[in-house]
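All remarks here apply to the structure that follows.
Index from 1, following the sequence. The structure presented is a predicted model; accordingly, all values stated were derived computationally and were not measured.
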Amino acid sequence: MSFGNRLRQLREKAGWTQKQLADASGISQGSIANLEQDRRAPTWETVQALAGALGVDCNAFNVTGATTAKPRGRGRPAKAKRRGKQ
């Protein structure tokens, strides 16, 4: 389970929308969405703010086999390699 999945699980357990969590934690709704979709990895300060807003310990986000967001490259993706001349 990823951090994003765990965050969504904790938010839904609290019965909150992303907007409500954003208001309670001081983190933008867009950032909450990016975290839940594993587009971004959280900073320690973000984890603390989310845990405080949700009323859980930071350890609530510890999940076995958690994945972290991989940074995206800038610009266009590389072109596919051609296989011989056609």
Side-chain angles (χ1 to χ4, degrees):
M1 176 179 288
S2 69
F3 178 88
N5 288 337
R6 183 65 177 143
L7 174 58
R8 179 176 295 134
Q9 188 179 60
L10 291 169
R11 176 181 59 78
E12 289 175 349
K13 183 177 179 183
W16 286 2
T17 64
Q18 287 181 349
K19 173 86 170 103
Q20 290 170 316
L21 178 56
D23 292 342
S25 66
I27 298 169
S28 72
Q29 185 177 352
S31 293
I32 301 283
N34 284 335
L35 289 167
E36 286 190 358
Q37 295 171 19
D38 291 315
R39 291 184 192 155
R40 299 278 187 268
T43 64
W44 176 241
E45 291 79 16
T46 299
V47 173
Q48 291 176 313
L50 292 169
L54 291 166
V56 297
D57 187 84
C58 291
N59 287 323
F61 293 103
N62 284 341
V63 290
T64 304
T67 59
T68 57
K70 295 179 183 176
R72 291 181 144 185
R74 296 181 64 103
R76 291 184 178 176
K79 290 184 179 181
K81 294 182 180 181
R82 296 175 83 180
R83 295 184 184 179
K85 293 184 179 183
Q86 294 179 350

Determine whether Leu7 and Leu54 make a side-chain contact, defined as any pair of heavy atoms from C-beta on separated by less than 4.5 Å. yes
Using a 3.5 Å distance criterion without hydrogens, assess whether the side chain of Ser31 forms a donor-acceptor pair with backbone atoms of Ile27. no
In Å and rounded to the nearest 0.5 Å, what is the CZ to CG distance from Phe3 to Leu35? 6.0 Å
Should Gln20 and Arg11 be marked as a side chain to side chain contact (heavy atoms under 4.5 Å, CB included) after you check the CA-CA gap, both sets of side-chain angles, and the distance that decides it? CA-CA 9 Å; Gln20 290 170 316; Arg11 176 181 59 78; over 6 Å; no
Between Asn34 and Arg40, do the side chains contain an N or O donor and an N or O acceptor separated by less than 3.5 Å? no
What are the two closest heavy atoms between Ala53 and Trp16, and how far apart are they? O-CH2, 3.0 Å
Pairing residues for Thr46 by the side-chain hydrogen bond (donor to acceptor under 3.5 Å, both in side chains) criterion, not counting sequence neighbours: Thr43
With sequence neighbours left out, write down each residue that passes side-chain hydrogen bond (donor to acceptor under 3.5 Å, both in side chains) with Gln18, or none if nothing qualifies. Glu36
Between the side chain of Arg6 and the main-chain N/O of Ala60, is any donor-acceptor distance below 3.5 Å? yes
Output every pair passing salt bridge (charged side-chain N to carboxylate O under 4.0 Å, His left out) with a member in residues 17-31, not counting sequence neighbours, ordered by first then second residue. Lys19-Asp23
At what distance, to the nearest 0.5 angstrom, does OG of Ser25 lie from CD of Gln48? 12.5 Å
With a 4.5 Å heavy-atom cut-off, do Trp44 and Cys58 have their side chains touching? yes
